[in-house]
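Predicted model only: the values in this text are computed from it and were never measured.
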Amino acid sequence: MPTLRTLRRVIHCWRLVFILGVSASSLRASPILLITNLPAFQSTALLKGCVLNGDPATEAIAIFIYVPGYGWVNKPGCNPQPQLTPIQSDGSWSASVFSPGTGDTNATRIAALLVSTNYNQPCVLGLPNLPTDVYAQAISKVVVTRSSTGLRFLSFSGYDWWVKTSPGSVGPGPNYFSDATNNVFTDSNGWLHLRITHRTNAWQCAEIISARTFGYGNYRFEVNSPVDNLDPNVTLGLFTWSDDPAFTDREIDVEGGRWQNASDANNAQFVVQPFDGANHLARYRVPAGLADSTHLFVWETNRVSFQSQSNAYSSAATNLISSFVFSTAAEVPQTGDENVHLNLWLVLGTPPSDNNEVEVVIKSFNFVPLGAAQPATLSPARNLPGNPQLTISGTPDWRYDLQVSSDLVLWQDLSSLLASNNVIGFQDTNAAGWNRRFYRTITLP
């Protein structure tokens, strides 16, 4: 089968509109905000981005940074109202947000919000969390954690994550968490391994946290380990979480485990926190011996819909194990600065009942935005010596199946590609020997 070398790059916003051949007005219903240049930790470089499908005349960017020991603060500043960053006619924007010689360069989190030019929130100066009203006014947003001193980052399923570590006992559990490669690593398939280990006379658990906030949409976790045989003292968590206590920390969970009840016939649950609220929790059973299962939830403004499926995700849900819909609209969390967490931990810090170390493999995590993506298009191929180079233009956060054919009848899969930006470049490194070679892309559900 042909091989593929993916070339990721950032381009100007106007090129997306040109390549897709659609007008801005036809896309304006779904504005998308992107950060195209995230300065490195302690850098004073410009923060840059672009807005797809936006309106520079009526919209602007509100920027906030989080400085440990101080809190969230508006950038570039307040005079006396928050200063908004304008959007250029091509959709691009840039701002100087890191002042040299100050603690600003140590900011670990950046929040950029697309807002109306009549945005009227008070200045934020040192708050531990951004006010709920700030997020409520966002048309689109990006909240991201920067790689900083002392954090181990890894790539999994096309996204960046940081690995939790703790010098002492912390929640959940409480437990010790380790960022060692004994506890968290990806294998040659790109699958994530989470392990509870016993080192230096202590049990150490595993957790990774997404570097970015995803917001409303589809959250899908494919687990490549049996869920039914987890030790009663072990819990697998697949969930969203915010350190902001609003909306019960914006916690939405899929959890595997029996919560120290070995006789419980159920071994997993769906939860919209608080778990003890009416109809906030649904227990279910993953069949014994099932080594491949997908667990997901769709987070909307007025409901959260859960499913568990055997094997890989199916949009038709023909392999459904269980489902649950939380539709108490007034109690559905609003999106804010939450992140995705995947963890493996011990209930109340109690060691596994058999005293054995534990490992769970996560095959993939996929986030898919709500609504429909614009069909992807391919630019004409540049026929480099034996290695055609093409460009896919699509919608950020959607995945596309790239296929190849010699006769437009029989097609072979090349790769599934995540649009982390609006353009994906790729080079087919195994085209030698083909007289004719055609390519197409299919938007994955």
- Item | Nearest heavy-atom neighbours spanning Pro333 and Trp299 | O-NE1, 3.1 Å
- Message: The criterion is side chain to side chain donor-acceptor pair (under 3.5 Å); which residues satisfy it with Thr248, sequence neighbours excluded?
- Response: none
- Is the shortest distance from a Lys or Arg side-chain nitrogen in Arg109 or Asp243 to a carboxylate oxygen in the other one below 4.0 Å? no
- Item | Tyr216 (side chain) donor-acceptor with Thr335 (main chain) under 3.5 angstrom | yes
- Item | Reported CG-to-NE2 distance for the pair Leu236 and His295, which is rounded to 0.5 angstrom | 7.5 Å
- Output for pair (Gln273 CD, Trp241 CH2), nearest 0.5 Å, gives 8.0 Å
- Task: Might you work through the side chain to side chain contact (heavy atoms under 4.5 Å, CB included) test for Trp203 and Asn175, ending with a clear yes or no?
- Result: CA-CA 8 Å; Trp203 289 93; Asn175 286 287; 5.9 Å; no
- Message: Suppose the criterion is salt bridge (Lys or Arg N to Asp or Glu O under 4.0 Å): which pairs have a residue in residues 303-318, not counting sequence neighbours?
- Response: Glu300-Arg303
- Note on the structure: Closest non-hydrogen contact found for Val170 with Phe177 is CG2-CD1, 3.8 Å
- Are Ser353 and Asn233 close enough that a side-chain donor and a side-chain acceptor fall under 3.5 Å? no
- Message: With a 3.5 Å distance limit and no angle check, can you tell me whether Asn189 reaches the backbone of Trp191 through a side-chain donor-acceptor pair?
- Response: no
- Item | Heavy-atom donor-acceptor pair, Asn183 side chain to Ala206 backbone, under 3.5 Å | no
- Task: For the pair Thr395 and Asn422, evaluate side chain to side chain contact (heavy atoms under 4.5 Å, CB included) and give the outcome as yes or no after the intermediate values.
- Result: CA-CA 6 Å; Thr395 304; Asn422 46 12; over 6 Å; no
- Task: Could you note down all residue pairs passing salt bridge (Lys or Arg N to Asp or Glu O under 4.0 Å) where residues 251-274 supplies at least one of them, sequence neighbours left out?
- Result: Asp264-Arg283
- Message: Please check this pair: side chain of Ser225 against backbone of Val361, looking for a donor-acceptor N/O pair closer than 3.5 Å.
- Response: yes
- Once the angle between the rings of Phe297 and Phe221 is folded into 0 to 90°, is it parallel (under 30°), tilted (30 to 60°) or perpendicular (over 60°)? tilted
- Query: So, Asp228 side chain and Gly289 main chain: donor-acceptor pair closer than 3.5 Å or not?
  - Reply: yes
- Item | Note, Asn267 side chain near Leu230 side chain (heavy atom, < 4.5 Å) | no
- The residue among Glu222, Arg399, Arg220 that forms side-chain hydrogen bond (donor to acceptor under 3.5 Å, both in side chains) with Asn366 is Arg399
- Does the Thr235 side chain pair with the main chain of Gly257, one donor and one acceptor, at a distance under 3.5 Å? no
- Message: Measuring from atom CG of Leu47 to atom OG1 of Thr44, what distance do you get when rounded to the nearest 0.5 angstrom?
- Response: 12.5 Å
- Please round to the nearest 0.5 Å and tell me the distance separating atom CZ of Arg212 and atom NZ of Lys141. 9.0 Å
- What salt bridge (Lys or Arg N to Asp or Glu O under 4.0 Å) pairs are there with at least one residue in residues 144-168, not counting sequence neighbours? Lys164-Glu207
- Quick one: side chain to side chain contact (heavy atoms under 4.5 Å, CB included) partners of Ser242, sequence neighbours excluded? Asp244, Arg250, Asp337, Glu338
- Side-chain donor-acceptor pair under 3.5 Å between Asp407 and Ser405, yes or no? yes
- Is a side-chain donor-acceptor pair under 3.5 Å present for Ser314 with Gln309? no
- Query: Ignoring hydrogens and geometry, is there a side-chain-to-backbone donor-acceptor pair from Thr197 to Arg199 under 3.5 Å?
  - Reply: no
- Keeping to residues at least two apart or across chains, list the ring pair (Phe, Tyr, Trp, His ring centres under 6.0 Å) pairs with something in residues 247-279. Trp259-Trp345, Phe270-Tyr284, Phe270-Phe306
- Evaluate the side chain to side chain donor-acceptor pair (under 3.5 Å) criterion for residues Thr350 and Gln260: first the C-alpha distance (whole Å), next the side-chain angles of each, then the deciding distance (0.1 Å), finally the verdict. CA-CA 9 Å; Thr350 306; Gln260 298 189 321; 3.1 Å; yes
- Message: Holding to ring-ring contact (aromatic ring centres under 6.0 Å, His included), I want the full list of residues that pass it with Tyr176, two or more places apart in sequence or in another chain.
- Response: none
- Message: Using the side chain to side chain donor-acceptor pair (under 3.5 Å) criterion, which residues pair with Asn261? Sequence neighbours excluded.
- Response: Ser263
- Task: State which residues pass side chain to side chain contact (heavy atoms under 4.5 Å, CB included) with Asn37; sequence neighbours excluded, sorted by chain then number.
- Result: Pro39, Lys48
- Task: For Asn53 and Ser30, indicate whether the former's side chain and the latter's backbone hold a donor-acceptor pair under 3.5 Å.
- Result: yes
- Might you point out which heavy atoms bring Thr294 and Asn311 nearest each other, and give the distance in Å? OG1-O, 2.7 Å
- Message: Test of understanding: with side chain to side chain contact (heavy atoms under 4.5 Å, CB included), list the residues that count as partners of Ser310, not counting sequence neighbours.
- Response: Leu290, Asn319, Ile321
- Distance (rounded to the nearest 0.5 Å) between Leu192 CG and Leu194 CG: 4.5 Å
- Pick from Phe367, Tyr313, Phe239: which one makes a ring pair (Phe, Tyr, Trp, His ring centres under 6.0 Å) with Tyr219? Phe367
- Query: Aromatic rings Tyr159 and Trp161: how do their planes relate, parallel, tilted or perpendicular, breaks at 30° and 60°?
  - Reply: perpendicular
- Item | Any donor-acceptor pair under 3.5 Å from Ser210 side chain to Val340 backbone | yes
- Note on the structure: Between Arg195 and Asn182 the two heavy atoms that sit nearest each other are NH1-O, 3.1 Å
- Message: Is there a side chain to side chain contact (heavy atoms under 4.5 Å, CB included) between Thr441 and Leu378? Walk through the geometry before answering.
- Response: CA-CA 8 Å; Thr441 58; Leu378 283 169; 4.0 Å; yes
- Message: Ignoring hydrogens, what is the shortest heavy-atom contact between Thr105 and Phe98? Give both atom names and the distance.
- Response: CG2-CB, 4.1 Å
- Message: Just so I know, are the side chains of Asn279 and Thr328 near enough to count as touching, which here means a heavy-atom distance under 4.5 Å?
- Response: no
- Query: Run the side chain to side chain contact (heavy atoms under 4.5 Å, CB included) check on Phe438 and Trp411 step by step: do they pass?
  - Reply: CA-CA 9 Å; Phe438 303 95; Trp411 292 88; 4.1 Å; yes
- Compare every heavy atom of Ser94 with every heavy atom of Thr85, then report the nearest pair and how far apart it is. CG2-O, 3.3 Å
- Query: Got a second to check how far Asn343's CG is from Leu238's CG, nearest 0.5 Å?
  - Reply: 8.0 Å
- Any sub-3.5 Å donor-acceptor pair from Thr391's side-chain atoms to Ser379's backbone N or O? no
- Contacts of Ser323 that satisfy side chain to side chain contact (heavy atoms under 4.5 Å, CB included) - sequence neighbours left out: Gln307, Leu320
- Query: Under 30°, 30 to 60°, or over 60°: which ring-plane class applies to Phe214 and Phe365, parallel, tilted or perpendicular?
  - Reply: perpendicular
- Message: Going by salt bridge (Lys or Arg N to Asp or Glu O under 4.0 Å), name the pairs with one or both residues in residues 171-189, residues two or more places apart or in two chains.
- Response: none
